[in-house]
Asker: 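I have a structure here, written as structure tokens, and I will follow up with some questions on it.
What's counted below: heavy atoms across the whole structure, side chains too, no hydrogens, waters or symmetry copies.
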Amino acid sequence: MSDKEVLTPRGLERRIKRHCAGTTQQFLAITTPGFEPVLASEIRSSAIASISQSVTGGVEFSAPFEFLYTANVTLRCANRILLRIASFTVRSYPELFNKMKRVSWELYCGFSTSFSLNVSSRHSRLHHTENIRRSVAEALIVYMQDLGVTTAYDEKAPIQFFIRFSDDECTVSIDTSGQLLYKRGYRLNTAHAPIRETIAASLLIESQWEKYGWILDPFCGSGTFLIEAALLATNRPPAARRQFAFQAWGAFSEIQMRHSVENALKKIKPSSSIHLAGSDISVQAIEASKENASNAAVGEMISFSVSDFLAVTSSFTTENGLIISNLPYGKRAHVHDASMELFLKRLSKYMKSKFRGSHFTFVTDYAAFEDVCGFRIKKVLPFSNGGITVSAYFGEIE
């Protein structure tokens, strides 16, 4: 079949089998900057993916084309999975148009009537993103017209290509995920400024959650830390019930999708001995936590209670535990420095009297956290949560 022949469903199927099925592809898994090592370790554990390199906010890896199904369904720390399509040097718009016309767009657009483009450029001769967008869109439209398919640019289209320029090198990728992967589908009810699910999972893994007999979140909000801990403990795939962008592609296979989900579900562990508990002073927050845990099918694994953590007696009798929480800090909860200092001193005193020997992971934007609490800090991991610069403090209560 020549490029000028009209594309048919059977012809598209043959092209997909030739260029996609069973072939090794290049991917970029995007994560919150700071969590690249955690994500790399998670990808490496798949056994069929090979890490190329870590970059700021992501991990590049190679894997069979079909791994994009498994990656979206099972990776806990990735926010988005991009599939690399092409890469070439470009220094003029005519050159851009001509090289874009050589990309096999039909493998992803199929017979879709629309597509969208996400464009960025740095340190390149072609730096005007709107002009780049128009040139790429025109090339794609002409290419598909030559195949007898009419398509158009639509910024809301589910098929989205990422066009990235850096030092005159243009990289073309396609978004496989759609909605960011932290949107697991279970959190329908939220408390104030919740932590993202992917960040919660990353911090639990970084905390070596599997070492502990119990995990407690004393300011649990929407319950995200505990729900993610339950998903980890039972090996439940985090995104088995949601939709993805690749389901709109020409190369999408319903059979492969079903196979990937079924394989992930087969690996679920029926139960876990870990004790998970959460508390919050807000009735609404606990109601949200219970509803979200139920939606995630882990409601029976977690004990939630409405209580002031600093006014209750610990029910944990062993030292082998982890206290993990997104503290009610600064901008997130409108807490001033003076009241924050007082709160942290009370928290420190209480934890040293009730939880000596346990470990903790606390997220806060309060720069003087270590000085005020007096805990032994083993590691500090700065990152951005909802646009707020925060740090995760890992340590032990002595």
Side-chain angles (χ1 to χ4, degrees), residues 1-29 46 48-50 52 60-74 80-88 90 96-118 135-154 157-163 170-178 243-264:
M1 178 186 292
S2 72
D3 287 342
K4 295 299 182 181
E5 290 184 60
V6 172
L7 187 68
T8 65
R10 179 59 182 156
L12 176 61
E13 184 180 345
R14 286 198 299 268
R15 291 185 179 206
I16 290 169
K17 285 183 178 179
R18 184 166 64 250
H19 296 289
C20 299
T23 62
T24 298
Q25 304 283 339
Q26 302 300 314
F27 296 88
L28 171 65
S46 70
I48 63 171
S50 176
S52 303
E60 295 181 343
F61 66 97
S62 59
F65 177 82
E66 292 75 14
F67 184 67
L68 70 89
Y69 297 84
T70 300
N72 278 283
V73 170
T74 64
R80 190 190 299 279
I81 310 294
L82 297 181
L83 170 64
R84 302 298 202 195
I85 296 175
S87 180
F88 36 72
V90 178
L96 174 63
F97 179 84
N98 289 329
K99 288 187 175 180
M100 285 296 175
K101 278 193 64 180
R102 300 173 194 165
V103 176
S104 299
W105 300 107
E106 76 277 17
L107 299 176
Y108 314 101
C109 291
F111 297 96
S112 175
T113 58
S114 62
F115 63 91
S116 61
L117 299 173
N118 184 305
S135 186
V136 175
E138 183 182 355
L140 193 161
I141 290 169
V142 170
Y143 178 94
M144 294 303 293
Q145 282 177 341
D146 287 344
L147 295 174
V149 179
T150 300
T151 190
Y153 174 80
D154 179 353
I159 297 175
Q160 183 178 44
F161 297 99
F162 280 64
I163 313 298
C170 177
T171 302
V172 183
S173 308
I174 186 170
D175 174 26
T176 75
S177 305
Q243 299 292 303
F244 304 98
F246 62 74
Q247 290 173 270
W249 294 5
F252 171 65
S253 168
E254 183 65 47
I255 294 174
Q256 183 63 50
M257 177 67 181
R258 186 163 56 248
H259 176 71
S260 297
V261 171
E262 288 175 353
N263 276 350

Asker: Between Arg80 (side chain) and Gly178 (backbone), is there a donor-acceptor pair under 3.5 Å?
Answerer: yes
Asker: Assess whether side-chain contact (heavy atoms from CB on, under 4.5 Å) is satisfied between Phe244 and Met257, documenting all intermediate values.
Answerer: CA-CA 10 Å; Phe244 304 98; Met257 177 67 181; 3.7 Å; yes
Asker: Ignoring hydrogens and geometry, is there a side-chain-to-backbone donor-acceptor pair from Ser253 to Gln256 under 3.5 Å?
Answerer: yes
Asker: Counting C-beta onward and ignoring hydrogens, is there a side-chain heavy-atom pair between Tyr69 and Arg258 closer than 4.5 Å?
Answerer: no
Asker: Could you list the residues that satisfy side-chain contact (heavy atoms from CB on, under 4.5 Å) with Ser62, not counting sequence neighbours?
Answerer: Thr24, Gln26, Ser50
Asker: A side-chain contact here means heavy atoms from C-beta on lying under 4.5 Å apart; do Cys20 and Leu107 qualify?
Answerer: yes
Asker: Mind listing the closest non-hydrogen atom pair of Glu66 and Ala21 along with its distance?
Answerer: OE2-CA, 3.2 Å
Asker: Has the side chain of Tyr153 got a donor or acceptor atom that lies under 3.5 Å from a matching backbone atom of Val136?
Answerer: no
Asker: Find the distance between NZ (Lys99) and OG (Ser87) and round it off to the nearest 0.5 Å.
Answerer: 9.5 Å
Asker: With a 4.5 Å limit on heavy-atom distance, are the side chains of Phe115 and Met144 in contact?
Answerer: no
Asker: Counting N and O atoms only, with roles assigned by atom type, does the side chain of Thr176 sit under 3.5 Å from a partner on the main chain of Leu83, one being a donor and the other an acceptor?
Answerer: no
Asker: Using side-chain heavy atoms (C-beta onward) and a distance below 4.5 Å, is Asp175 in contact with Leu82?
Answerer: yes
Asker: At what distance, to the nearest 0.5 angstrom, does CZ of Phe111 lie from OG1 of Thr150?
Answerer: 11.5 Å
Asker: Classify the ring geometry of Phe246 against Phe252: parallel below 30°, tilted from 30° to 60°, perpendicular beyond 60°.
Answerer: tilted
Asker: How far apart are the closest heavy atoms of Ala251 and Phe65, and which atoms are they?
Answerer: CB-CZ, 4.0 Å
Asker: Do you know which two heavy atoms are closest between Gly110 and Val149, and how far apart they sit?
Answerer: O-CG1, 3.9 Å
Asker: With the side chain counted from C-beta on, respond yes when Met100 and Val172 share a heavy-atom pair under 4.5 Å apart, and no when they do not.
Answerer: yes
Asker: As an exercise, state the distance from CG of Asp154 to CG of Leu117, rounded to the nearest 0.5 Å.
Answerer: 10.5 Å
Asker: Using 0.5 Å steps for rounding, measure from the NE2 atom of His19 to the CD atom of Gln25.
Answerer: 10.5 Å
Asker: For Arg18 versus Thr23, what's the shortest heavy-atom pair and its separation?
Answerer: O-CG2, 4.2 Å
Asker: Is Ser116 reaching over with its side chain to a backbone N or O of Ile159, donor-acceptor style, under 3.5 angstrom?
Answerer: yes
Asker: Apply side-chain contact (heavy atoms from CB on, under 4.5 Å) to the pair Ser104 and Tyr143, showing each step before the final yes or no.
Answerer: CA-CA 9 Å; Ser104 299; Tyr143 178 94; 4.3 Å; yes
Asker: Can you see which heavy atom on Glu106 is nearest to which on Leu12, and at what distance?
Answerer: O-CD1, 3.4 Å
Asker: Where does the angle between the aromatic ring planes of Phe27 and Phe61 fall among parallel (under 30°), tilted (30 to 60°) and perpendicular (over 60°)?
Answerer: parallel
Asker: Would Phe161 and Trp105 count as a close aromatic pair, with their ring centres under 6.0 Å?
Answerer: yes
Asker: Between atom CD1 of Ile85 and atom CD1 of Ile174, what is the distance when rounded to the nearest 0.5 Å?
Answerer: 5.0 Å
Asker: Identify the two heavy atoms, one from Gly250 and one from Ile16, that lie closest to each other, and give their separation to 0.1 Å.
Answerer: O-CD1, 3.0 Å
Asker: Using only atom types and a distance under 3.5 Å, with no angle test, would you say the side chain of Glu138 pairs donor to acceptor with the backbone of Ser135?
Answerer: no
Asker: Any sub-3.5 Å donor-acceptor pair from Thr70's side-chain atoms to Ser260's backbone N or O?
Answerer: no
Asker: To the nearest 0.5 Å, what is the distance between CD on Glu5 and CG on Asp146?
Answerer: 12.0 Å
